Amino acid sequence: MRKKICAAIAAGLMALSSFGVVNAATRDEVAAIRVQTAADFQYWNEDSPTKQKIIEFVEDVTNPYSANYIPPEDRIATFDMDGTFYCETAPIYFQEAMFLHRVLEDSSYTAPKKFLALAKKIKPKVYAKQKLTPAESKLYLEGLTAIYAGMTDEEYRAYVRKFMQTNETGLTNLKRGEAFYLPMVEIISYLTNNGFNVYIDSACGVSTTRELVNGVIPIQFDRILGTDFNYTSTNMGKDIPKEHFFDRNKEKIVISGNWFIENAKTVKIFSILNQIGKKPVLAFGNSSGDSGMLEYTLQDNKYRSMSFFVICDDTERELGNPTRAKNDTALALKRGWNPISMRDEFKTIYGDNVQRES
């Protein structure tokens with residue numbers, strides 16, 4: 001009898017795991033995702049139009065006998081991160097949430113008074129999804145760099161790793177370092193395993209993005225495009241960086257705290273031109289901040305090309321906003337971007353035990 005019970009339990013667990021992730025997928029489980037063929041997808045609904053379009057596209061352009069064949073060196077795919085394959089809704093972008101944490105909750109850090117006052121003022125608005133004033137947004141953006149002034153890159157990335165262990169807001173059983181959209185990670189794996197060169201082209205900071213995806217998403221660090229910190233040297237003084245002699249024995253490279261240029265909208269095109277040097281044939285985004293990348297991919301492309309737009313319309317397994325989802329879908333259809341419905345196409349998002357908090 002005991003053997004029968006154990007066998008039944010084991011069979012049940014196997015059946016459950018074959019359907020998909022029940023709890024939130026750990027970083028190791030996300031890293032283990034491998035999709036080589038169409039049959040390997042687990043996290044998309046069978047009738048997903050997106051999955052079928054991508055499979056058909058890949059099979060077409062990788063077929064050397066197809067008129068649409070694309071040589072491996074030109075199979076460029078670009079992905080935004082926040083909201084495209086990683087959570088941006090709980091309640092805001094990772095970096096912005098980390099700002100509030102550092103200023104209001106980190107006992108090892110004393111924030112400048114203007115940022116402390118700002119954080120106290122805007123936190124209730126941020127959590128209530130209320131729009132900030134232009135002045136608040138400007139100071140908020142300034143704070144995203146200023147509060148890390150003097151940190152080396154590794155010290156900053158260590159801080160990111162620590163913050164990744166905190167819980168997402170508004171979603172159950174999910175840590176910030178685990179908040180990857182499993183179906184979209186499958187797409188990245190599928191493209192990578194079929195000869196595509198996959199890049200991240202994000203408005204998130206490069207160091208932040210590298211730490212979030214490190215060991216989880218199969219994309220090399222030199223294929224991550226993003227917003228750059230402004231760095232300085234501890235002995236730079238009034239020197240101009242291009243004229244400063246860096247002495248490895250006396251100084252370190254640290255975050256200056258000055259503003260950065262955000263890698264958004266048309267700037268994403270500049271990043272592609274400067275750092276990739278080839279036009280993508282596939283682009284994936286989720287907001288108007290990705291419009292440059294999505295439009296550029298479709299403009300006068302010598303190869304068959306497609307752009308996709310992730311719609312956060314799930315109000316049970318994610319923090320979807322029906323009004324924004326409706327507007328985003330309309331925008332995608334108007335611009336010729338293929339909308340991806342999280343609600344209708346994703347079999348699971350983070351794992352079936354992750355739900356919207358009541």
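Just so it is clear, the model here is predicted, and its values are computed rather than measured.
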| request: Could you walk me through whether Lys123 and Glu105 pass the salt bridge (Lys or Arg N to Asp or Glu O under 4.0 Å) test, one step at a time? | output: CA-CA 12 Å; Lys123 183 176 181 179; Glu105 300 175 33; 3.7 Å; yes
| Worked check of side chain to side chain contact (heavy atoms under 4.5 Å, CB included) between Asp228 and Phe260 | CA-CA 6 Å; Asp228 293 321; Phe260 45 49; 5.7 Å; no
| Checking side chain to side chain contact (heavy atoms under 4.5 Å, CB included) for the pair Leu116/Lys120: CA distance, chi angles, key distance, verdict? | CA-CA 6 Å; Leu116 180 61; Lys120 289 179 178 179; 3.8 Å; yes
| task | Kindly indicate, with the supporting measurements, whether the criterion salt bridge (Lys or Arg N to Asp or Glu O under 4.0 Å) is fulfilled by Glu136 and Lys131. | result | CA-CA 10 Å; Glu136 290 169 342; Lys131 190 174 182 179; over 6 Å; no
| request: Kindly indicate, with the supporting measurements, whether the criterion side chain to side chain contact (heavy atoms under 4.5 Å, CB included) is fulfilled by Met184 and Ile340. | output: CA-CA 10 Å; Met184 296 304 296; Ile340 303 174; 4.2 Å; yes
| message | Does Leu182 form a side chain to side chain contact (heavy atoms under 4.5 Å, CB included) with Val30? I'd like the steps, not just the answer. | response | CA-CA 7 Å; Leu182 302 182; Val30 177; 3.9 Å; yes
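Ser189 places no side-chain N or O within donor-acceptor distance of the main-chain N or O of Val185, the cut-off being under 3.5 Å. A donor-acceptor pair under 3.5 Å is absent between the side-chain atoms of Asp201 and the main chain of Phe79, judged by distance alone. Of the possible polar contacts, none joining the Ser288 side chain to the Ser291 backbone as a donor-acceptor pair under 3.5 Å is found. The closest donor-acceptor contact from the side chain of Gln95 to the backbone of Gly205 lies under 3.5 Å. Side-chain atoms of Thr145 come within 3.5 Å of backbone atoms of Asn258 as a donor-acceptor pair (strictly under, hydrogens ignored). Formation of a donor-acceptor pair under 3.5 Å by the Ser207 side chain with backbone atoms of Asp153 is not found in this model. Put simply, the side chain of Asn274 gets close to the backbone of Phe270: a donor and an acceptor are under 3.5 Å apart. With hydrogens and angles disregarded, no donor-acceptor distance shorter than 3.5 Å links the side chain of Ser66 to the backbone of Val61. Side-chain N or O atoms of Arg102 include one that pairs as donor or acceptor with a backbone N or O of Ile147 at under 3.5 Å. A donor-acceptor pair under 3.5 Å links the side-chain atoms of Asn193 to the main chain of Val35, judged by distance alone.
Between the CD1 atom in Ile253 and the OG1 atom in Thr232 there is a gap of 7.0 Å [rounded to 0.5 Å]. Within the model, atoms CD of Glu29 and CD of Glu178 stand 8.5 Å from one another, a figure rounded to the nearest 0.5 Å. In this structure, Glu96 CD and Met98 CE are separated by 9.5 Å, a value rounded to the nearest 0.5 Å. Atom OG1 of Thr266 sits about 10.0 Å away from atom CD of Glu295, to the nearest 0.5 Å. Going from atom CD1 of Ile187 over to atom CD1 of Ile54 covers 3.5 Å, rounded to the nearest 0.5 Å. In this structure, NZ in Lys279 is found 11.5 Å from OG1 in Thr78, a value given to the nearest 0.5 Å.
Note on Glu345 versus Lys51: no salt bridge recorded, every NZ/NE/NH1/NH2 to OD/OE distance being 4.0 Å or above. Salt-bridge check for Lys268 with Asp290: passed, with a basic side-chain N closer than 4.0 Å to an acidic carboxylate O.
Ring geometry for Phe309 against Trp337 counts as tilted: the plane angle lies between 30° and 60°, on a 0 to 90° scale. Using a 30° and 60° split on the angle between ring planes, His101 and Tyr159 fall in the tilted class, from 30° to 60°. Taking the six-membered ring where the residue is Trp, Tyr148 and Tyr156 present perpendicular rings, their angle passing 60° and hence far from 30°.
In the hydrophobic clustering of this structure, Ile76 does not group with Ile217; members are Ile, Leu, Val, Met, Phe, Trp, Tyr whose side-chain heavy atoms approach within less than 4.5 Å, directly or through other members. Under the 4.5 Å side-chain contact rule for hydrophobic residues, Ile200 and Ile188 share a cluster. Taking hydrophobic clusters as Ile, Leu, Val, Met, Phe, Trp and Tyr residues chained together by side-chain heavy-atom distances below 4.5 Å, Leu132 shares a cluster with Tyr127. Hydrophobic clustering keeps Tyr231 apart from Leu225 (ILVMFWY residues linked when any side-chain heavy atoms are closer than 4.5 Å, directly or through intermediates). Note on Met164 and Met81: same hydrophobic cluster, where clusters join Ile, Leu, Val, Met, Phe, Trp and Tyr whose side-chain heavy atoms are under 4.5 Å apart, directly or indirectly.
Side-chain contact between Asn338 and Met306 is present, with at least one heavy-atom pair separated by less than 4.5 Å. Proximity of Val267 to Glu262: side-chain heavy atoms (C-beta onward) are nowhere separated by under 4.5 Å. Between Tyr43 and Ile33 the shortest side-chain heavy-atom distance falls below 4.5 Å. Between Ile55 and Phe41 there is a side-chain heavy-atom pair separated by less than 4.5 Å. Residues Lys138 and Leu141 form no side-chain contact, since every pair of their non-hydrogen atoms from C-beta on lies 4.5 Å or further apart. Looking only at side-chain heavy atoms (C-beta outward), Met342 and Ile311 stay at 4.5 Å or farther from each other. Considering only heavy atoms from C-beta on, Tyr86 comes within 4.5 Å of Phe94 through its side chain. Side chains of Phe221 and Asn214 form a contact here, defined as non-hydrogen atoms less than 4.5 Å apart.
Considering all non-hydrogen atoms of both residues, Asn194 and Arg75 come closest at O-NH1, 3.3 Å. Between Leu282 and Phe196, the shortest heavy-atom contact is CD1-CE2, 4.0 Å. Closest approach of Glu88 and Asn286 over heavy atoms only: OE2-ND2, 3.1 Å. Nearest heavy-atom pair across Thr89 and Cys312 is CG2-SG, 4.1 Å. Pro72 and Asn197 make their closest contact through O-ND2, 3.0 Å (heavy atoms, listed as atom of the first residue, atom of the second, distance). Pairing each heavy atom of Asn173 with each of Ala24, the nearest pair is O-CB, 3.0 Å.
Ser271 and Asn263 are linked by a side-chain donor-acceptor pair at a separation below 3.5 angstrom, with hydrogens and angles left out of the test. A donor and an acceptor atom, one from each side chain of Ser233 and Asn235, are nowhere located under 3.5 Å apart. With no hydrogens or angles considered, a side-chain donor-acceptor pair links Thr166 and Arg176 at under 3.5 Å.
In this structure, Lys53 forms no cation-pi arrangement with Phe57, as its terminal cationic atom is not both closer than 6.0 Å to the ring centre and no more than 45° off the ring axis. Both tests do not hold together for Arg317 against Phe346: distance to the six-membered ring centre under 6.0 Å, angle to the ring axis within 45°.
Glu316 CD: 12 or fewer foreign heavy atoms inside a 6.0 Å radius. No more than 12 heavy atoms of other residues, nucleotides or ligands shown are found within 6.0 angstrom of CD on Glu46. More than 12 non-hydrogen atoms from other residues, nucleotides or ligands lie less than 6.0 angstrom from NZ of Lys129. The neighbour count for Lys326 NZ, taken as heavy atoms of other residues, nucleotides or ligands under 6.0 Å away, does not exceed 12.
Exactly one residue among Asn45, Thr50, Asp313 makes a side-chain hydrogen bond (donor to acceptor under 3.5 Å, both in side chains) with Ser341. That residue is Asp313.
The aromatic ring centroids of Tyr350 and Tyr181 lie less than 6.0 Å from each other.
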